[in-house]
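Before any comments, here is the structure.
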Number of protein chains: 2
Amino acid sequence: MADGDTETRVTIRTVAADAGVSVAAVSKVMRNAYGVSDALRLKVEASIERLGYRPSVAARGMRGRTFTLGVLLVGIDNPFLPGIYQGIESVTESAGYKIMVGVGAARARTEVSLIEQMIDNRMDGLILVASQIAGETLEHFARQIPIVVVGHHEPAAQGYDTINNDDQMGARLAVQALIDRGYQDIAYLTQTDQDDHLADVAPQREIGYRTAILAANLAPRILALPQHGAPRDHQIHQMLTAPDRPRAIFCWSDLDAIPLLSEALRLGLRVPEDLALIGYDNSPMAGLAMINLTSVDQDGPRLGKLAAEAVFTRMNGRRVAEHILIEPTLIPRGSF
Amino acid sequence: MADGDTETRVTIRTVAADAGVSVAAVSKVMRNAYGVSDALRLKVEASIERLGYRPSVAARGMRGRTFTLGVLLVGIDNPFLPGIYQGIESVTESAGYKIMVGVGAARARTEVSLIEQMIDNRMDGLILVASQIAGETLEHFARQIPIVVVGHHEPAAQGYDTINNDDQMGARLAVQALIDRGYQDIAYLTQTDQDDHLADVAPQREIGYRTAILAANLAPRILALPQHGAPRDHQIHQMLTAPDRPRAIFCWSDLDAIPLLSEALRLGLRVPEDLALIGYDNSPMAGLAMINLTSVDQDGPRLGKLAAEAVFTRMNGRRVAEHILIEPTLIPRGSF
DNA sequence: CCCGTTTCGTGCACCGTTCTACGTAAATCA
DNA sequence: TGATTTACGTAGAACGGTGCACGAAACGGG
């Protein structure tokens with residue numbers, strides 16, 4: 001135990017003593033609650049300033065609000081998260097709310113434990129980004145804390161809100177663009193599911209893909225990749241060297257499209273002459289000259305902003321669920 | 001699970017009542033403190049299991065430990081963070097500690113407020129990654145909470161620890177590799193400073209660059225880029241189209257090397273025939289076939305692991321500062 | 001001038017833990 | 001057997017806030 005720090009913390013009592021008022025009065029000023037005269041407020045604020053007082057979030061959490069939002073991200077390496085985060089931040093900052101981030105490793109168990117941690121830390125609300133947690137588990141947690149989910153489709157959920165881009169539409173945009181350019185042999189590359197519910201974005205995009213392909217009287221064709229590790233690289237290699245390699249691939253995410261592109265170039269394939277490629281998320285990398293990947297943009301900042309706004313209205317008493325779908329756009333580049 | 005939906009939270013009292021013991025007894029079991037018989041422990045653990053009890057971190061924080069570590073990251077978009085984070089996580093997980101992440105926008109003011117937030121939330125310790133906060137400010141906070149800093153050189157600091165790769169050495173490795181291949185006109189690309197102290201990694205790498213250049217009787221040449229925005233792209237363009245464009249550039253980070261590479265290719269420059277490039281951080285992207293960027297690797301996971309270990313020993317009473325420097329390695333690829 | 005309203009400030013009972021100090025029963029020793 | 005140690009369990013005071021219930025002024029209308 002590290003002690004020996006004589007720097008004792010400034011508490012609400014210190015402030016009260018310094019200002020010559022009661023503890024309750026200081027608390028009122030902090031929360032700008034009703035029944036505080038200007039004179040009192042001034043006195044207290046002066047003391048707060050002088051002593052550099054900051055309320056303990058932990059103590060606050062025991063009775064009132066913590067003024068902190070929990071944000072759960074799938075990981076830190078995902079290029080579409082920064083946009084969403086920034087969108088959330090833009091809202092919370094002006095509302096005087098703080099953010100605590102939890103990083104789930106895209107494993108449902110880790111994510112559940114992170115949600116519990118957020119609840120235990122008395123966050124006022126929660127935003128889950130691309131969580132893989134099942135709908136009913138979420139309903140369970142939603143009874144304990146306001147929850148908004150981004151990147152997970154659960155349009156019938158009662159207890160929490162969902163904010164998404166229209167993944168089916170995004171997929172149709174991509175596939176249609178390929179069809180318009182004359183491609184016929186178009187495959188969809190998805191991720192091999194761990195817990196995969198229909199609610200995840202990849203299956204949703206698959207639906208959009210199928211719709212567009214079938215509407216054009218073409219044959220759907222589904223490929224899949226595991227998330228990490230050596231088998232993944234191996235499968236990419238095999239996919240590209242197979243005799244029946246598709247002429248065009250729509251990838252569920254840039255996360256897979258870019259390694260695919262990399263391996264294609266390594267194999268001497270020309271893109272798009274030998275292989276056309278479209279990704280999803282329009283990550284910053286996609287725009288680089290040497291990548292130049294056509295991708296579907298889902299406007300992360302807007303998603304984040306909407307999510308933060310939703311969690312605030314829910315915290316303020318809204319009980320009926322909100323399910324928002326925004327329109328994605330195709331960003332055409334040289335890969336098709 | 002026979003767990004019905006209880007509206008009220010399961011507290012330590014609920015468990016105590018259910019197990020027919022005192023509150024203190026339950027607390028002892030939770031913290032596996034001294035003086036608990038097997039019979040008692042079993043009874044309590046059964047109740048905990050049955051009721052699904054989880055202690056409130058907020059309440060815990062009021063007296064004892066929260067078993068939570070705060071990790072402050074510069075941003076989420078930085079490709080060298082995932083490695084460090086993973087290293088930290090590997091240690092905390094086995095120690096039964098949780099992590100809360102704060103995302104500073106590389107602005108010192110935001111970062112200070114995040115540190116305060118972590119203290120207010122009663123984290124048991126803090127790891128700052130690539131923070132831009134001045135040394136004396138850190139000393140101030142270090143008196144309130146154990147702090148370990150990664151990616152910031154402050155070898156004389158008393159109150160907190162620093163864990164770094166040897167940035168000067170990394171730079172020398174890169175520059176020497178360029179010299180060995182016969183390049184003479186080698187520039188260093190750094191970031192335009194906002195608050196820049198010598199403690200930041202970019203100035204450290206500049207020292208290494210200068211050392212190696214001067215040792216080879218060459219002339220140092222320093223270029224700089226702002227962090228974001230349109231002026232940045234413009235400056236990259238100008239840098240590459242200038243008549244006196246250097247023959248080789250050592251970039252302080254892949255973060256700048258990759259956009260530079262992108263623009264170079266867009267301008268029709270051949271790499272490395274017209275322009276040689278070496279970056280820093282060996283981010284995952286650097287290994288892609290179409291980027292293929294030589295880069296200095298600083299072994300993020302190891303840095304993270306060391307940082308977590310340091311914060312634990314400090315939490316357990318160590319008072320004397322530790323300053324660790326690990327050796328970086330050059331990962332040669334096609335860009336030079 | 002009296003009495004009902006406001007307005008403002010305070011005392012105090014929480015919130016859910018931890019942890020010290022203490023009581024009691026069982027075990028060990030002389 | 002009585003004295004002393006050891007092991008186990010409990011009561012209750014913190015911790016740093018919030019917010020309800022209450023009382024004392026100040027106000028204002030009849």
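Chain naming here is simple, since letters A, B, ... match the order of the sequence lines and numbering starts at 1 in each.
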Closer than 4.0 angstrom, basic N to acidic O: yes or no for B:Arg143 and B:Glu139? no
Between A:Ser22 and C:dT10, is there a contact of a side-chain N or O with OP1 or OP2 at under 4.0 Å? yes
State whether B:Ser27 places a side-chain N or O below 4.0 Å from either non-bridging phosphate oxygen (OP1 or OP2) of C:dT18. yes
Tell me which residues in residues 28-40 of chain B put a heavy atom below 4.0 Å from DNA chain C, sorted by number, or none. B:Arg31
For A:Ala24 and for B:Thr11, locate the closest nucleotide of DNA chain C by heavy-atom distance; then report the residue assigned to the nucleotide nearer the 5' terminus. A:Ala24
Whether A:Thr162 side chain and A:His323 backbone form a donor-acceptor pair below 3.5 Å: no
Round to a whole Å and report the spacing from CD1 of A:Ile48 to C1' of D:dG16. 14 Å
Rounding to 10 degrees, work out the angle separating the end axes of the helix from C:dC1-D:dG30 to C:dA30-D:dT1 (five pairs an end). 40°
Salt bridge between A:Asp120 and B:Arg9, side-chain N to carboxylate O under 4.0 Å? yes
Calculate, to the nearest 0.5 Å, the distance between atoms CZ and CG belonging to A:Phe80 and A:Leu73 respectively. 9.0 Å
Hey, is B:Arg318 close enough to B:Asp161 for a salt bridge, meaning N to O under 4.0 Å? yes
Using 4.0 Å as the upper bound for N to carboxylate O, is an ion pair formed by B:Arg65 and B:Asp124? no
Quickly work out the B:Tyr53 OH to C:dG16 P distance and round it to whole Å. 10 Å
Separation of C:dC19 atom P from B:Arg65 atom CZ, nearest Å, is 9 Å
Spacing of B:Met62 atom CE relative to C:dC14 atom P, expressed in whole Å: 16 Å
Does the D:dG17 base have a donor-acceptor partner in the side chain of A:Arg13 within less than 3.5 Å? yes
Answer with yes or no after comparing the ring centroid distance for A:Tyr97 and A:Phe312 against a 6.0 Å cut-off, counting only values under it. yes
Over how many whole Å does the gap from B:Arg60 atom CZ to D:dG16 atom P extend? 18 Å
Salt bridge between B:Arg107 and B:Glu111, side-chain N to carboxylate O under 4.0 Å? no
In Å, rounded to the nearest 0.5 Å, how long is the span from CD1 of A:Ile84 to CD1 of A:Ile127? 10.0 Å
Let's test your reading of the model: under 3.5 Å, does the base of C:dC19 pair with the side chain of B:Arg63 as donor and acceptor? no
Spacing between B:Arg122 atom CZ and D:dC15 atom P, to the nearest angstrom: 11 Å
With DNA chain D as reference, determine whether B:Arg41 or A:Gly64 sits nearer its 5' end, using the nearest nucleotide of each. B:Arg41
